[in-house]
A.B. asks: 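Here's a structure for you.
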Amino acid sequence: MDRKIIHVDMDAFFASVEQLDFPELRGKPVIVGGTSSRGVAATCSYEARKFGVHSAMPIFQAKKLCPNGIYVHGRHERYEEISREIFSLLSEITDDIVKVSIDEAYLDVTNLYLSAEYIGKYIKKKVKKETGLTVSVGISYNMFLAKLASDWDKPDGFFVIKKEDVPDILKPLSIMKIHGLGKKSAEKLNNIGIYTIEELLEYDKDVLTNLLGSMGEEIYNKIRGIDLRKVASHTERKSIGTEITFAEDTDVFDEISARAYKYLHEVNEMLLKKKMLAKTIVLKIKFEDFTQVTRSKSLEVYTDDEKNFKPLLKELLGKVEYKGKVRLLGITLANLISNREKQLEIFDIIGEEDGK
Ligand SMILES: [Mg+2]
């Protein structure tokens with residue numbers, strides 16, 4: 001099955017935050033990045049870009065192009081704050097997320113039931129609603145193409161690159177659009193007359209490897225829509241649990257049992273938060289002599305309701321042969337699946353309305 005990858009990229013992030021916080025800056029060319037002539041522009045508003053100003057441009061040069069621009073110092077704490085807000089909203093959607101910078105992330109939504117288009121539109125609406133800022137969303141079946149897509153109709157963009165579009169849709173693009181191809185490599189290609197992806201597609205892998213070294217093959221593959229990088233390196237979560245060593249070893253059953261129920265409650269809360277359902281409960285007990293026992297019991301159905309696990313825990317606690325004081329107790333919920341209804345609840349707010 002093809003993967004569903006979403007690339008999310010805030011539009012002119014720092015400048016947009018300035019325009020959000022200071023309404024008098026709206027509609028004006030704003031350049032963030034130090035007011036000293038020796039600095040460089042960190043971000044420019046779209047109004048400033050019309051003058052040819054772009055990020056990483058020395059301020060003195062920007063001032064020549066855009067003398068009436070508004071030059072402001074960056075307020076990084078504020079940008080971090082909004083960034084955290086956006087990422088916490090994205091991480092509600094999936095754990096398969098990788099943050100690539102303060103204002104940019106990839107999400108792998110392959111395992112979600114809703115279409116990537118639906119989720120992408122939801123993200124745009126939700127970010128706008130919660131922060132007042134616009135974001136561009138790109139969707140495709142790999143990271144390279146998703147990033148290309150988010151850049152396609154910025155700002156406030158929404159673009160999908162489908163498998164059947166590739167490579168034709170890429171052909172007219174400048175090779176500068178290939179994320180990962182550095183300036184020097186681009187120059188080497190320009191030197192032999194390659195400016196567009198269409199021109200680059202004519203060269204074999206060997207030629208590109210000779211010219212660009214190890215990156216040659218990567219570029220060769222990317223422009224053919226091949227990019228196998230994974231969004232998140234973590235493996236799928238199969239259990240959620242906690243285990244705690246007691247401050248003092250105990251053989252008082254009521255105390256041990258009270259702890260067990262308390263941990264069950266905590267672990268069940270984590271389950272709810274992860275929007276998962278579980279079937280199995282595992283009790284682990286370690287004694288003062290460091291021997292340990294592990295007992296587990298499963299339900300017939302998946303659940304995220306704590307009270308379904310309680311009778312199982314009672315049974316497990318009763319089954320353990322207590323041969324001394326207990327020093328550690330652990331509760332784990334295992335056999336997890338995602339809770340489809342809970343996932344759908346998150347997306348409720350956009351309803352049937354069209355995105356963008
Ligand atoms: Mg951005």
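In listed order, ligands and their atoms are each counted from 1.
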A.B. asks: Near the Mg ion (ligand 1), meaning under 2.8 Å, how many protein N/O/S atoms are there?
C.D. replies: 3

A.B. asks: The test is side chain to side chain contact (heavy atoms under 4.5 Å, CB included); show your working for Asp21 and Arg78 and say whether it passes.
C.D. replies: CA-CA 10 Å; Asp21 290 351; Arg78 176 69 178 136; 2.7 Å; yes

A.B. asks: Do Asn335 and Thr280 get their side chains close enough for a donor-acceptor pair, meaning under 3.5 Å?
C.D. replies: yes

A.B. asks: Taking ring pair (Phe, Tyr, Trp, His ring centres under 6.0 Å) as the test, write out the residues that go with Phe253, two or more places apart.
C.D. replies: Tyr322

A.B. asks: Can Arg229 be said to sit on top of Phe144's aromatic six-ring, NZ or CZ under 6.0 Å from centre and within 45° of the ring axis?
C.D. replies: no

A.B. asks: Which residue pairs pass the side chain to side chain donor-acceptor pair (under 3.5 Å) test with at least one member in residues 160-170, sequence neighbours excluded?
C.D. replies: Asp2-Lys163, Asp168-Lys171

A.B. asks: Scan residues 200-221 for pairs that pass side chain to side chain donor-acceptor pair (under 3.5 Å), counting only residues two or more places apart or in two chains.
C.D. replies: Glu218-Lys222

